[in-house]
Amino acid sequence: QLFLMPPALQDWLPLDDLAFFLLDAVDQFDLAPFHAAYRADGVGQAAFQPHMMVALLLYAYCLGVRSSRQIERLCQRDVAFRVVAGNLRPDHATIARFRQRHEAAFTDLFTAGGRHIGSLGLLSWSLVAPQPADWVTLIARSAAVSVVLVAVFNLAAVRRARTACE
């Protein structure tokens with residue numbers, strides 16, 4: 001036996017990993033539109049937490065992964081994806097349905113997030129797309145913009161770390 005207790009997946013990632021930043025960022029988001037789509041009466045099978053699903057999809061988008069089948073595979077094999085997913089393994093159909101069901105909420109989330117990042121002076125809309133709505137479309141479909149989004153999140157993390165040190 002190699003371990004007395006099961007290892008914590010969080011210990012296998014560096015503290016400055018993008019996964020931790022995204023989990024912290026999603027904690028700050030207003031996820032009410034995602035929660036509103038679910039029944040509160042306890043009928044039906046329990047759904048995955050919207051917090052986890054949003055973080056999982058954002059993390060995948062940041063890495064340029066848009067295929068729900070690939071995200072499902074990564075939730076089984078990749079430590080960072082397992083950390084983001086809370087060691088749960090949503091199947092590809094669940095991921096695809098969540099993305100489709102909450103398309104409008106994701107659009108609002110990306111737009112609000114982009115505006116917030118822009119208000120911090122970390123992003124100019126003209127660098128990404130002419131209109132915020134175009135930015136949302138680009139993020140969903142363009143690997144190049146996924147790289148820009150990673151850079152923006154990393155810049156935000158650096159700024160947050162500098163502010164904490166001051």
- Do L23 and V83 come close enough that some side-chain heavy atom pair is under 4.5 Å? yes
- Kindly state whether the ring of F106 and the ring of F34 have centres lying under 6.0 angstrom apart. yes
- So, for Q10 and F20, which heavy atoms are closest and what is the spacing to 0.1 Å? O-CZ, 3.6 Å
- Task: Find out whether V26 and L31 are in side-chain contact, i.e. whether some heavy atom of one side chain is under 4.5 Å from a heavy atom of the other.
- Result: yes
- Message: Within the structure provided, determine whether I71 and Y59 are in side-chain contact (heavy-atom separation under 4.5 Å).
- Response: no
- Are the side chains of L56 and C75 in touch, meaning some heavy atoms are under 4.5 Å apart? yes
- Item | Residues that Q70 engages under side chain to side chain contact (heavy atoms under 4.5 Å, CB included), provided they are two or more places apart | V65, S67, R73, L74
Kindly list each side-chain donor-acceptor pair under 3.5 angstrom involving residues 88-95, sequence neighbours excluded, with atom names and distances?
from	atom 1	to	atom 2	distance (Å)
D91	OD1	T94	N	2.9
D91	OD1	T94	OG1	2.4
H92	ND1	E72	OE1	3.0
H92	NE2	R69	NH1	3.4
H92	NE2	R69	NH2	3.4

- Query: Are Y38 and H102 near enough that their ring centres are under 6.0 Å apart?
  - Reply: yes
- Item | Residue pairs passing the side chain to side chain donor-acceptor pair (under 3.5 Å) test where at least one lies in residues 76-85, sequence neighbours excluded | R82-N87
- Message: On a heavy-atom basis, which atom in D27 and which in H51 lie closest, and how many Å separate them?
- Response: OD1-NE2, 2.6 Å
- Interatomic distance, CZ@F21 vs CG@L58, rounded to 0.5 Å, equals 11.0 Å
- Message: Nearest 0.5 Å, please: how far is CG in L18 from CG in L63?
- Response: 6.5 Å
- Closest approach of L13 to A19 (non-hydrogen atoms, all atoms of both residues): CD1-CB, 4.3 Å
